[in-house]
*Asks:* 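Sharing a structure below in structure tokens format, with a few things to ask.
Being a predicted model, the structure only gives us computed values, none of them experimental. Each residue takes its place number in the sequence, starting with 1.
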Amino acid sequence: MSNSRLSSLPSIDRPEVVVRLREGLLGAEFTADGLLELLGASAYAALARSEVVPALRATRGETPLEALVRLFLLQQPVARARVEGVLPVDACVESGWLVRAGAEAEEVAAAVDVRPYGGPGGEDWFIVSDLGCAVGGAGGIGSRDAGVVLGVGGASTTLAGITVRTPAGSALDLGTGSGIQALHAAQHATRVTATDLNPRALHIAALTLALSGAPAADLRQGSLFEPVAEDETYDLVVSNPPFVISPGARLTYRDGGMGGDDLCRTLVSQAGERLNEGGFAQFLANWQHVEGEDWQERLRSWVPRGCDAWIVQREVQDVTQYAELWLRDAGDHRDDVAEYRARYDAWLDEFEARKVKGVGFGWITLRKSAAADSAPSITVEEWPHPVEQPLGETVRAHFARVDYLRANDDAALLAAHFRLTAEVVQEQVGLPGAEDPEHVVLRQNRGMRRAAKVDTVGAGFAGVCDGTLSAGRILDAIAQLVGEDPVALRDRTPVQIRLLVEQGFLEPASPLGAA
């Protein structure tokens with residue numbers, strides 16, 4: 001990236017200007033809440049889809065907030081006089097946040113997108129990105145400039161939501177882009193390192209952190225783990241990498257430049273050696289569904305030694321859908337028809353050569369564990385159903401249950417006390433008027449929102465679990481009620497108990513009495 005490309009961005013050497021700019025934005029209520037109140041839900045949602053007309057209509061007034069929305073979000077020049085009482089205009093021009101525009105420089109325009117973003121604790125943050133790129137994948141801008149830096153998109157917020165947010169001594173954000181993951185990590189990690197192949201992205205990430213009032217990160221240029229020393233390890237590694245499986249590396253922000261899904265495989269397989277004991281590595285990824293291969297076994301092979309893993313496939317697209325999605329993301333459908341068809345053909349050639357029949361998208365979480373050296377827990381599942389974000393605590397609890405189940409055999413489970421987790425409901429399904437239900441379903445209303453089919457013993461067991469009695473005593477009581485041999489019931493039920501614990505329907509409770 002040339003120095004001229006970086007010189008077109010605001011300076012990061014004048015922190016006093018950034019502080020004054022932040023104060024001005026907050027004073028005018030240029031925040032996520034303020035934006036929603038001004039625009040209304042419909043125009044606000046349209047803006048997230050990169051549709052600006054409703055927002056333009058909603059900002060035809062004369063308030064300072066309307067002027068700031070037009071200036072920083074809609075890239076409309078505004079009269080200098082409209083923002084002089086709100087922002088330090090001269091300082092913002094000198095430091096590159098604004099540029100003079102209009103006849104006799106009586107207007108100013110934004111040099112970058114600045115988008116309000118609400119933090120998980122109610123923080124007022126600002127995500128900086130290239131003009132026209134406030135929303136990830138917006139408008140096909142990448143086809144015009146491979147080095148643009150995008151702002152907040154659905155992938156960014158998904159990764160932020162699934163990330164475990166326990167206090168950490170150190171965190172690493174690989175491929176930081178506009179710095180969203182580094183910004184989140186700075187709230188619970190003492191030291192944050194962020195890398196990116198694109199120096200423009202590192203500059204913009206520094207702007208995002210500064211304008212959001214967050215501590216500065218250690219910013220390093222390079223691909224994946226290249227900028228990280230061999231002896232550096234972290235408590236948390238996160239990455240929303242350029243995971244798109246494409247023929248070539250035309251667009252830096254999305255195309256990894258390796259063949260097939262090799263970039264994601266490399267990222268996952270190398271992450272284990274970068275983690276401290278108990279540390280988490282969390283990624284978004286795409287993976288190939290290859291003819292003649294089990295996709296779950298393919299992903300299992302990526303997991304490094306010494307790590308437990310939870311891999312969730314959220315969506316699968318056939319190769320034509322996938323190619324069309326990313327060609328449209330780049331705006332190729334708006335270009336020359338012959339060129340569009342040639343690029344489409346190249347994608348299909350690539351997939352055909354690799355015998356790829358579909359592409360999966362989802363989340364990959366690794367947890368470094370000494371116990372995983374000999375008995376790793378690797379869960380690979382498909383879950384396309386709605387979930388409740390944020391899921392960070394759900395992810396952490398999954399691995400806590402892994403540890404519990406690994407450490408306790410069936411006898412220990414029968415001696416243990418359990419509680420039904422919060423907001424689990426029971427559904428009975430059967431024909432109207434039938435004496436007994438055909439089956440019973442336990443359903444979670446939080447987190448992954450799983451459903452588990454159980455028999456009458458399992459339903460009765462779960463319903464009684466309040467931490468008072470051990471599992472064995474509950475089963476003995478159920479055996480007496482249904483007239484079943486208690487020994488036989490104790491023998492066959494731990495499998496069901498283990499599954500209900502694994503999926504989060506039951507949680508261990510402190511023992512309140514002997515088994």
*Asks:* Do Arg200 and Ser8 pass the side chain to side chain donor-acceptor pair (under 3.5 Å) test, and can you show the C-alpha distance, the side-chain angles, and the key distance before you say yes or no?
*Replies:* CA-CA 10 Å; Arg200 187 175 182 85; Ser8 66; 3.3 Å; yes
*Asks:* With rounding to the nearest 0.5 Å, note down the distance linking CG in Leu183 to CG in Leu209.
*Replies:* 6.0 Å
*Asks:* Taking Glu51 for its side chain and Arg49 for its backbone only, find out whether a donor-acceptor pair lies under 3.5 Å.
*Replies:*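 No, because the side chain of Glu51 does not come within donor-acceptor range (under 3.5 Å) of the backbone of Arg49.
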*Asks:* Between Asp349 and Pro247, is there a side-chain heavy-atom distance shorter than 4.5 Å?
*Replies:*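 Side chain of Pro247 against side chain of Asp349, heavy atoms only: no contact under 4.5 Å found.
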*Asks:* Is the shortest side-chain heavy-atom distance between Val114 and Leu71 below 4.5 Å?
*Replies:* no
*Asks:* Examine the side chains of Gln75 and Asp113 and answer whether a donor and an acceptor come within less than 3.5 Å of each other.
*Replies:* yes
*Asks:* Got Ser156 and Gln181 here, is their nearest side-chain heavy-atom distance under 4.5 Å?
*Replies:* yes
*Asks:* Yes or no on side chain to side chain contact (heavy atoms under 4.5 Å, CB included) for Val424 and Gln444, after CA distance, side-chain angles and deciding distance?
*Replies:* CA-CA 5 Å; Val424 171; Gln444 300 168 348; 4.3 Å; yes
*Asks:* For residues Leu236 and Gln282, report the shortest heavy-atom separation together with the two atoms involved.
*Replies:* CD1-OE1, 4.1 Å
*Asks:* Does the side chain of Ser246 pick up a donor-acceptor pair with the side chain of Arg343 at under 3.5 Å?
*Replies:*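 Ser246 vs Arg343: no donor-acceptor pair found between side chains.
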*Asks:* Any luck finding a side-chain donor-acceptor pair between Glu226 and Ser223 under 3.5 Å?
*Replies:* no
*Asks:* Apply the ring pair (Phe, Tyr, Trp, His ring centres under 6.0 Å) test between His289 and each candidate in Trp295, Tyr322, Phe361; give the one that qualifies.
*Replies:*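 Running ring pair (Phe, Tyr, Trp, His ring centres under 6.0 Å) over Trp295, Tyr322, Phe361 with His289 returns exactly one hit, Trp295.
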*Asks:* How are the rings of Phe72 and Phe30 set to each other: parallel, tilted or perpendicular (split at 30° and 60°)?
*Replies:* tilted
*Asks:* Please confirm whether the backbone N or O of Gly147 pairs with a side-chain atom of Asn198, one donor and one acceptor, at under 3.5 Å?
*Replies:* yes
*Asks:* If we only count heavy atoms from C-beta on, is the Cys133 to Leu150 side-chain gap below 4.5 Å?
*Replies:*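 Counting from C-beta outward, Cys133 and Leu150 do come under 4.5 Å.
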*Asks:* Between Arg60 and Arg57 (side chain of the first, backbone of the second, donor and acceptor by atom type, cut-off under 3.5 Å), is there such a pair?
*Replies:* yes
*Asks:* Is the shortest heavy-atom distance from the side chain of Trp125 to the side chain of Ile180 under 4.5 Å?
*Replies:* no
*Asks:* Check whether Lys368 reaches the backbone of Gly306 with its side chain - one donor and one acceptor, N or O, closer than 3.5 Å.
*Replies:* no
*Asks:* Taking all atoms of both residues into account, what is the closest heavy-atom pair of Thr233 and Ser170, and its distance?
*Replies:* O-OG, 3.7 Å
*Asks:* Taking the six-membered ring of Trp383 as reference, does the cationic atom of Arg450 (NZ for Lys, CZ for Arg) lie under 6.0 Å from its centre and within 45° of its axis?
*Replies:* yes
*Asks:* Check whether any side-chain heavy atom of Val237 lies under 4.5 Å from a side-chain heavy atom of Leu366, and answer yes or no.
*Replies:* no
*Asks:* Give me the ring orientation class for His398 and Trp310: parallel if the planes are under 30° apart, tilted from 30 to 60°, perpendicular past 60°.
*Replies:* parallel
*Asks:* Nearest 0.5 angstrom please: Asp308 CG to Arg367 CZ, how far?
*Replies:*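 Those atoms lie 4.5 Å apart.
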*Asks:* Given Glu382 and Val316, is the side chain to side chain contact (heavy atoms under 4.5 Å, CB included) satisfied, shown in steps?
*Replies:* CA-CA 9 Å; Glu382 187 167 15; Val316 183; 3.9 Å; yes
*Asks:* State whether a side-chain donor-acceptor pair under 3.5 Å links Arg70 with Thr59.
*Replies:* yes
*Asks:* How about Asp318 and Thr320: does a side-chain donor come under 3.5 Å of a side-chain acceptor?
*Replies:* yes
*Asks:* Supply the atom-to-atom distance Ile311 CD1 to Trp363 CH2, rounded to the nearest 0.5 angstrom.
*Replies:*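 It comes to 13.0 Å.
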*Asks:* Arg354 side chain to Gln288 main-chain N or O, any donor-acceptor pair under 3.5 Å?
*Replies:* no
*Asks:* Can you confirm whether more than 12 heavy atoms, excluding those of Arg449, are under 6.0 Å from its CZ atom?
*Replies:*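 Enclosed.
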*Asks:* Within this structure, what is the CG-OG1 distance for the pair Leu68 and Thr31, rounded to the nearest 0.5 Å?
*Replies:* 11.0 Å
*Asks:* Counting N and O atoms only, with roles assigned by atom type, does the side chain of Thr208 sit under 3.5 Å from a partner on the main chain of Ile127, one being a donor and the other an acceptor?
*Replies:*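 No, because the side chain of Thr208 does not come within donor-acceptor range (under 3.5 Å) of the backbone of Ile127.
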*Asks:* Working to the nearest 0.5 Å, report the span between OG of Ser42 and CG of Leu47.
*Replies:* 11.0 Å
*Asks:* Search all heavy atoms of Tyr117 against all heavy atoms of Ala160 and return the closest pair with its distance.
*Replies:* OH-CB, 4.4 Å
*Asks:* Search all heavy atoms of Gly392 against all heavy atoms of Val164 and return the closest pair with its distance.
*Replies:* O-CG2, 3.7 Å
*Asks:* Show, in sequence, the C-alpha distance, side-chain angles and deciding distance for Leu159 and Ile162, and conclude whether the side chain to side chain contact (heavy atoms under 4.5 Å, CB included) test is met.
*Replies:* CA-CA 5 Å; Leu159 179 58; Ile162 67 172; 4.2 Å; yes
*Asks:* Atom CZ of Arg274 and atom CD of Glu230: how far apart are they, to the nearest 0.5 Å?
*Replies:*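 It comes to 6.5 Å.
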*Asks:* With heavy-atom distances below 4.5 Å as the criterion, would you say the side chains of Trp347 and Val319 are in contact?
*Replies:* no
*Asks:* Can a salt bridge be assigned to the pair Glu23 and Arg20 using a cut-off of 4.0 Å between side-chain N and carboxylate O?
*Replies:*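 The answer is no: the pair does not qualify as a salt bridge.
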*Asks:* Is the gap between the ring centers of Phe283 and Phe243 under 6.0 Å?
*Replies:*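 Aromatic pair excluded; centres sit 6.0 Å or further apart.
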*Asks:* Is there a donor-acceptor contact under 3.5 Å from the side chain of Thr266 to the main chain of Asp262?
*Replies:*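 Flag set: sc Thr266 to bb Asp262 pair under 3.5 Å.
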*Asks:* For Glu29 and Leu65, indicate whether the former's side chain and the latter's backbone hold a donor-acceptor pair under 3.5 Å.
*Replies:* no
*Asks:* Would you say that more than 12 heavy atoms from the other residues, nucleotides or ligands in this model lie under 6.0 Å from the CD of Gln187, or not?
*Replies:* yes
*Asks:* Decide if atom CD of Gln389 counts as having more than 12 heavy atoms of other residues, nucleotides or ligands within a radius under 6.0 Å.
*Replies:*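 Result for CD/Gln389: enclosed.
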*Asks:* Would you say Asp235's side chain and Gly279's backbone share a donor-acceptor pair under 3.5 angstrom?
*Replies:* no
*Asks:* Give a yes or no on whether Glu16 atom CD has more than 12 heavy-atom contacts from other residues, nucleotides or ligands under 6.0 Å away.
*Replies:* yes
*Asks:* Does any part of the side chain of His184, heavy atoms only, come nearer than 4.5 Å to the side chain of Arg165, both counted from C-beta?
*Replies:*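 They are in side-chain contact.
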*Asks:* Can you name the closest pair of heavy atoms from Leu21 and Cys92 and give their distance?
*Replies:* CD1-SG, 4.1 Å
*Asks:* Quick one, Leu87 with Trp97, criterion side chain to side chain contact (heavy atoms under 4.5 Å, CB included). Give me CA distance, side-chain angles, the key distance, then yes/no.
*Replies:* CA-CA 11 Å; Leu87 304 178; Trp97 289 94; over 6 Å; no
*Asks:* Whether the Asp196 and Thr176 side chains hold a donor-acceptor pair (N or O, under 3.5 Å, no angle test) is what I'd like checked.
*Replies:*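 Absent: no donor and acceptor within the cut-off.
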*Asks:* Looking at every non-hydrogen atom in both residues, tell me the closest pair between Ala189 and Ala171 and how far apart they are.
*Replies:* CB-CB, 3.8 Å
*Asks:* Give a yes or no on whether a salt bridge exists between Arg328 and Glu324, defined as a side-chain N under 4.0 angstrom from a carboxylate O.
*Replies:* no
*Asks:* Can you tell me which residue among Leu202, Asp173, Val192, Thr193 is in a side chain to side chain contact (heavy atoms under 4.5 Å, CB included) with Leu219?
*Replies:* Leu202
*Asks:* Would you say Ser212's side chain and Phe126's backbone share a donor-acceptor pair under 3.5 angstrom?
*Replies:* yes
